[in-house]
Amino acid sequence: MGEFELIDKYFKVPHARKDVVMGPGDDCALLTLPPDTQLAVSTDTLVSGVHFFPDMDPVDLGYKALAVNLSDLAAMGAEPRWVSLALTLPTINEAWVAGFAEGFLELAEYYNVALVGGDMTRGPLSITVSVKGSVPAGRALLRSGAKAGDGVYVTGTLGDAALALSHLLAKRTLNENQLAAVLPRLDHPHPRILAGQALRGLAGSALDLSDGLASDLGHILKASGVRAQIDLDLLPLSPVLQDAVSEQDGWQLALAGGDDYELCFTVPEEHRGALDTALANCGVKFTRIGRIVAGEPGIDYLRGEQTVALELKGWDHFA
């Protein structure tokens, strides 16, 4: 089976979105953006052996390839609409393509995202996904709006995906029950789409946690020109993580492990009550872990009134 036959069989699916004037099959997709909205676009590349294990189940890989990109739209408070997909394959493995398409398109259908184009070529296994969404004009969540006095929050729990990865890399050994509890956090992250939209008008800044809280929060602090104080005792750690590793290792996984795909955001004190209501309606758990203060961009880690010195570094492709 050749390139175009593969695309037609597994990826050319009809979609009911009325904002897709022309989908796959022509030189470009033609899309209609609603009035008074802005286009939000994010593109990521996943490379075999760098971002995922070469033998990862293709259904899980298809799901995750889209999920991590949708997480970027969530961080902007955007509504997902369309996606493009470029696959580079070393050989044609129809069973692998079928599995990948199943995981990818199942998640796309769940979020009402239309696959509107892409490419398929031969080479080392890699996946490039470009998601497009819309956000009301002037209401996108940015990294540059944090101010002194804001609370610092995160959704969900931190460190579980990194704990699972450390087991797969043979850096530590989890028992069967522990691995079963945390492996879905690595392979099946849940993009916080509804939470991101609920934060519009409440959060001063936001981003998604892909490289670790210490690194990612640093982007907000640099863009906003402020500093953060994080209370280590407030970090939301799952019971499994707390049972599996020491306190210090738990901090490292939560702050520098990466692959959480939760949201980190800052909210002014006057919006605290509205925040409780907005995220309760989304069914998303969230935790206040610290506050924004004036000062040079950076993070102070605290336990009570005591400063704790930690050496942390998030994921960096070229480090």
Side-chain angles (χ1 to χ4, degrees), residues 51 64 67-68 70-72 74-75 141 143 146 150-169 171-172 174 178-196 199 203 205-221 228-267 275 279 282-292 298-303 308 310-316:
H51 300 97
K64 186 170 183 177
V68 301
L70 291 176
S71 184
D72 286 331
L141 303 175
R143 300 178 178 185
D150 290 358
V152 179
Y153 297 83
V154 293
T155 59
T157 59
L158 305 180
D160 291 330
L163 178 61
L165 181 59
S166 70
H167 172 90
L168 298 179
L169 293 172
K171 293 183 177 180
R172 58 171 51 86
L174 303 178
Q178 290 170 332
L179 182 61
V182 296
L183 189 59
R185 292 295 309 277
L186 179 65
D187 290 343
H188 274 244
H190 295 290
R192 301 298 193 181
I193 298 296
L194 292 180
L199 290 172
S205 65
L207 46 56
D208 76 321
L209 297 175
S210 56
D211 298 331
L213 176 65
S215 176
D216 290 326
L217 177 56
H219 298 315
I220 286 179
L221 303 178
Q229 295 176 339
I230 300 300
D231 188 332
L232 295 171
D233 290 327
L234 297 181
L235 292 176
L237 308 180
S238 70
V240 173
L241 186 145
Q242 293 180 70
D243 180 61
V245 301
S246 69
E247 183 177 64
Q248 289 277 345
D249 281 349
W251 294 342
Q252 291 284 335
L253 290 168
L255 295 170
D259 265 326
D260 290 308
Y261 296 103
E262 297 290 351
L263 298 184
C264 175
F265 52 97
T266 65
V267 176
L275 172 67
L279 291 192
C282 297
V284 175
K285 294 182 179 180
F286 66 100
T287 306
R288 182 185 174 111
I289 60 171
R291 64 190 184 117
I292 299 296
I299 304 174
D300 299 314
Y301 299 101
L302 307 175
R303 295 198 79 181
V308 179
L310 296 175
E311 292 186 11
L312 303 166
K313 188 172 180 61
W315 172 257
D316 182 342

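These figures come from a predicted structure and were not determined experimentally.
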Evaluation steps, side chain to side chain contact (heavy atoms under 4.5 Å, CB included), between Lys285 and Leu279: CA-CA 7 Å; Lys285 294 182 179 180; Leu279 291 192; over 6 Å; no
Side chain to side chain contact (heavy atoms under 4.5 Å, CB included) between Leu263 and Leu207, worked out: CA-CA 6 Å; Leu263 298 184; Leu207 46 56; over 6 Å; no
Trace of the side chain to side chain contact (heavy atoms under 4.5 Å, CB included) decision for Ile299 with Leu217: CA-CA 8 Å; Ile299 304 174; Leu217 177 56; 3.8 Å; yes
Verdict with supporting geometry, Leu255 and Tyr301, side chain to side chain contact (heavy atoms under 4.5 Å, CB included): CA-CA 11 Å; Leu255 295 170; Tyr301 299 101; 3.8 Å; yes
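Applying the salt bridge (charged side-chain N to carboxylate O under 4.0 Å, His left out) definition to pairs two or more places apart or across chains, those involving residues 155-169 are Asp160-Arg185.
For the pair Leu186/Leu165, a side-chain contact is recorded, criterion being any heavy-atom separation below 4.5 Å from C-beta on. At least one side-chain heavy atom of Arg192 sits less than 4.5 Å from a side-chain heavy atom of Val284. Inter-residue side-chain proximity for Pro189 and Asp260 is flagged as unmet; no heavy-atom pair is nearer than 4.5 Å. You'll find the side chain of Leu241 stays beyond 4.5 Å of the side chain of Val182, heavy atoms only. Contact of the Pro236 side chain with the Ile289 side chain is registered, since non-hydrogen atoms from C-beta on lie closer than 4.5 Å.
Between the side chain of Asp300 and the backbone N or O of Ile230 there is no donor-acceptor pair closer than 3.5 Å. Not one N or O on the side chain of Asp208 forms a donor-acceptor pair closer than 3.5 Å with the backbone of Ala74.
For the side-chain hydrogen bond (donor to acceptor under 3.5 Å, both in side chains) test, no residue two or more places apart in sequence or in another chain qualifies with Arg143. By the side-chain hydrogen bond (donor to acceptor under 3.5 Å, both in side chains) test, Asp72 pairs with Ser42, sequence neighbours left out. By the salt bridge (Lys or Arg N to Asp or Glu O under 4.0 Å) test, Asp259 pairs with Lys64, sequence neighbours left out. Under the salt bridge (Lys or Arg N to Asp or Glu O under 4.0 Å) criterion, Arg303 pairs with Asp233, Glu247, sequence neighbours left out. Applying the side chain to side chain contact (heavy atoms under 4.5 Å, CB included) rule to Gln242 yields the partners Leu237; only residues at least two apart in sequence or on another chain are considered. Asp249 pairs by the salt bridge (Lys or Arg N to Asp or Glu O under 4.0 Å) definition with Arg172, not counting sequence neighbours. The side chain to side chain contact (heavy atoms under 4.5 Å, CB included) test applied to His190 returns Tyr63, not counting sequence neighbours. Here Leu179 pairs with His167, Leu174, Leu183 under the side chain to side chain contact (heavy atoms under 4.5 Å, CB included) rule; sequence neighbours left out.
To the nearest 0.5 Å, atoms OG (Ser246) and CD (Gln252) are separated by 9.0 Å. A distance of 10.5 Å separates CG in Leu253 from CG in Leu158, rounded to the nearest 0.5 Å. For the atom pair OG of Ser215 and CG of Leu209, the computed distance is 10.0 Å after rounding to the nearest 0.5 Å. The distance from atom OG of Ser210 to atom OH of Tyr261, rounded to the nearest 0.5 Å, is 5.0 Å. Rounded to the nearest 0.5 angstrom, Asp150 CG and Thr266 OG1 are separated by 4.5 Å.
Other residues, nucleotides and ligands contribute only 12 or fewer heavy atoms inside 6.0 Å of the CZ atom of Arg291.
Smallest separation of non-hydrogen atoms from Ile220 and Cys264: CD1-O, 4.1 Å. Across all their heavy atoms, Ala146 and Ser205 have their closest contact at CB-OG, 3.6 Å. Here the shortest heavy-atom pairing between Leu163 and Ala244 reads CD2-CB, 4.1 Å.
With Leu235 as the partner, the side chain to side chain contact (heavy atoms under 4.5 Å, CB included) test is satisfied by one option alone out of Leu213, Val154, Thr157, Thr287: Leu213.
Using bins of under 30°, 30° to 60° and over 60° for the plane-to-plane angle, the ring pair Tyr153/Phe286 lands in the tilted bin.
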